[in-house]
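Just below is one structure, and these are the notes that go with it.
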Amino acid sequence: MITVRFFSMVREALGVEELSVELSDSINSVASLKRALADQNGAIWDETLHQPNLVHALNQRVVRIEAAVVDGDEVAFFPPMTGG
Amino acid sequence: MITVRFFSMVREALGVEELSVELSDSINSVASLKRALADQNGAIWDETLHQPNLVHALNQRVVRIEAAVVDGDEVAFFPPMTGG
Amino acid sequence: MSHIVVQNVVVQKDVFNAAEQYDLLMRECPGAAIVTFTGYVRDHCDSGCVGQLELEHYPGMTESVLGELGQQASKRFNLKAWRIVHRYGVLDVNEPIVWVAVIADHRSAAFDACQFLMDTLKTDAPFWKREHMTDGSANWVAAKSSDSERRKRWRE
Amino acid sequence: MSHIVVQNVVVQKDVFNAAEQYDLLMRECPGAAIVTFTGYVRDHCDSGCVGQLELEHYPGMTESVLGELGQQASKRFNLKAWRIVHRYGVLDVNEPIVWVAVIADHRSAAFDACQFLMDTLKTDAPFWKREHMTDGSANWVAAKSSDSERRKRWRE
């Protein structure tokens with residue numbers, strides 16, 4: 001089981017802040033997790049998770065989309081940051 | 001009559017803070033003033049006023065050495081600034 | 001004088017006072033050259049008047065990113081001290097958003113370090129701004145390409 | 001609230017407090033991006049320990065040069081406000097020498113303006129530093145070529 005979190009416009013578009021996902025042979029990286037979420041939840045998820053500038057973090061660090069995911073991890077998807 | 005002022009190392013080397021100088025046909029610019037002061041007051045003045053980085057101000061503005069001087073002006077000689 | 005421990009990174013909802021922050025840092029570590037940056041909520045924008053600014057953030061990740069950026073700056077610019085205070089939540093116009101201060105031996109290092117921290121935290125720290133306009137509408141602030149350009153200056 | 005007139009340029013013998021200066025400036029003019037620089041007397045140098053720093057200056061010319069540099073910065077970087085406080089006389093270790101603050105709409109202008117002011121006042125404002133060492137000796141501080149190099153960046 002991993003935790004998936006969404007922030008800002010992504011959270012707002014999906015209407016979800018956080019969810020739990022069971023890992024499997026086909027969901028074992030940030031890339032495959034994103035693909036599964038986009039494919040299985042309809043057009044809004046597909047569109048939102050495929051926006052070109054989407055940022056993904058693994059255990060609170062920005063990572064490359066290929067990064068492997070293991071049980072207990074926290075993955076987050078969000079738009080580019082605008083702090084400061 | 002003009003006022004001539006010296007600061008920092010220049011003031012210290014000459015042992016003079018300020019003096020008055022009568023303008024004449026041969027003393028009518030910062031350059032000619034400097035030459036006259038250097039020539040007429042001995043080796044220390046000659047050496048001090050000919051140091052390569054000497055800065056000269058006319059009426060409290062840094063000017064080129066050719067600047068003309070008129071009665072009532074204030075000329076100053078000093079080393080490069082080191083504030084801040 | 002009792003010892004005051006100054007946290008390097010503070011992420012808080014409450015308003016802060018930049019002058020007080022300055023005093024606090026100086027008590028901890030006097031130095032030769034201090035540069036500070038304070039960002040405040042502006043009352044204007046391209047498409048109307050801003051009434052309030054809302055800042056969403058990623059608790060935990062925010063603190064760790066800011067802490068890492070500070071450590072990078074500290075090493076790269078040989079800092080004697082540094083401090084970042086950043087707010088989240090709903091902010092009124094003219095309230096401070098962020099305060100970054102660095103202490104170094106020389107002014108060039110201090111200026112560079114403070115700019116490094118501002119340029120990197122803008123693009124790397126998980127904050128997202130939403131402007132609430134005086135007409136009741138609200139919109140997410142888009143990331144600026146000028147900010148990602150400035151970020152590139154610091155890649156080694 | 002009574003109106004407080006903030007002088008843009010202050011050249012004074014007395015010690016000042018940078019945090020108080022910040023407060024004063026902000027009361028006068030809130031803005032989006034504020035950068036400050038404070039320089040303090042260091043307790044070390046190349047050739048021994050500094051006990052005190054003496055600053056000679058050219059009264060009148062100092063104020064007019066600082067005023068002109070501030071006006072140049074204001075125009076060039078579109079500042080909302082600026083302020084320079086510079087001391088002369090005999091200063092103890094860890095006392096502030098100079099405080100420069102600028103207020104702009106954007107951080108890049110604020111950082112540039114503050115650096116412009118520091119880089120130009122170092123070489124253009126008529127101050128001369130003499131270090132009084134703890135062993136009783138004293139020496140004039142030589143102008144640094146790195147400072148005149150930094151000055152060149154701002155020639156238009």
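Chain identifiers are assigned alphabetically (A, B, ...) following the order of the sequence lines, protein sequences preceding nucleic acid strands; residue numbering begins at 1 within each chain. Here the structure is a predicted model, which means the values were calculated and not measured.
The distance from the CZ atom of B:Arg61 to the CE atom of D:Met61 is 9.0 Å, given to the nearest 0.5 Å. Interatomic distance, B:Ser8 OG to D:His57 NE2, rounded to the nearest 0.5 Å: 13.0 Å. Here the CG atom belonging to D:Asp147 is positioned 9.5 Å from the OG1 atom belonging to B:Thr82, to the nearest 0.5 angstrom.
Atom CD of B:Glu17 has 12 or fewer heavy atoms from other residues, nucleotides or ligands within 6.0 Å. The number of heavy atoms from other shown groups lying within 6.0 Å of CD (B:Gln51) is above 12. The neighbour count for B:Ile44 CD1, taken as heavy atoms of other residues, nucleotides or ligands under 6.0 Å away, does not exceed 12.
Scanning residues 68-80 of chain B against chain D with a 4.5 Å non-hydrogen threshold yields B:Glu74, B:Ala76, B:Phe78, B:Pro79, B:Pro80, sorted by number. Of all residues in residues 112-130 of chain D, those placing a non-hydrogen atom less than 4.5 angstrom from a non-hydrogen atom of chain B are D:Met118, D:Leu121, D:Lys122, D:Thr123, D:Asp124, D:Ala125, D:Pro126, D:Phe127, D:Trp128, D:Lys129, D:Arg130.
Across all their heavy atoms, D:His86 and B:Gly83 have their closest contact at NE2-C, 4.1 Å.
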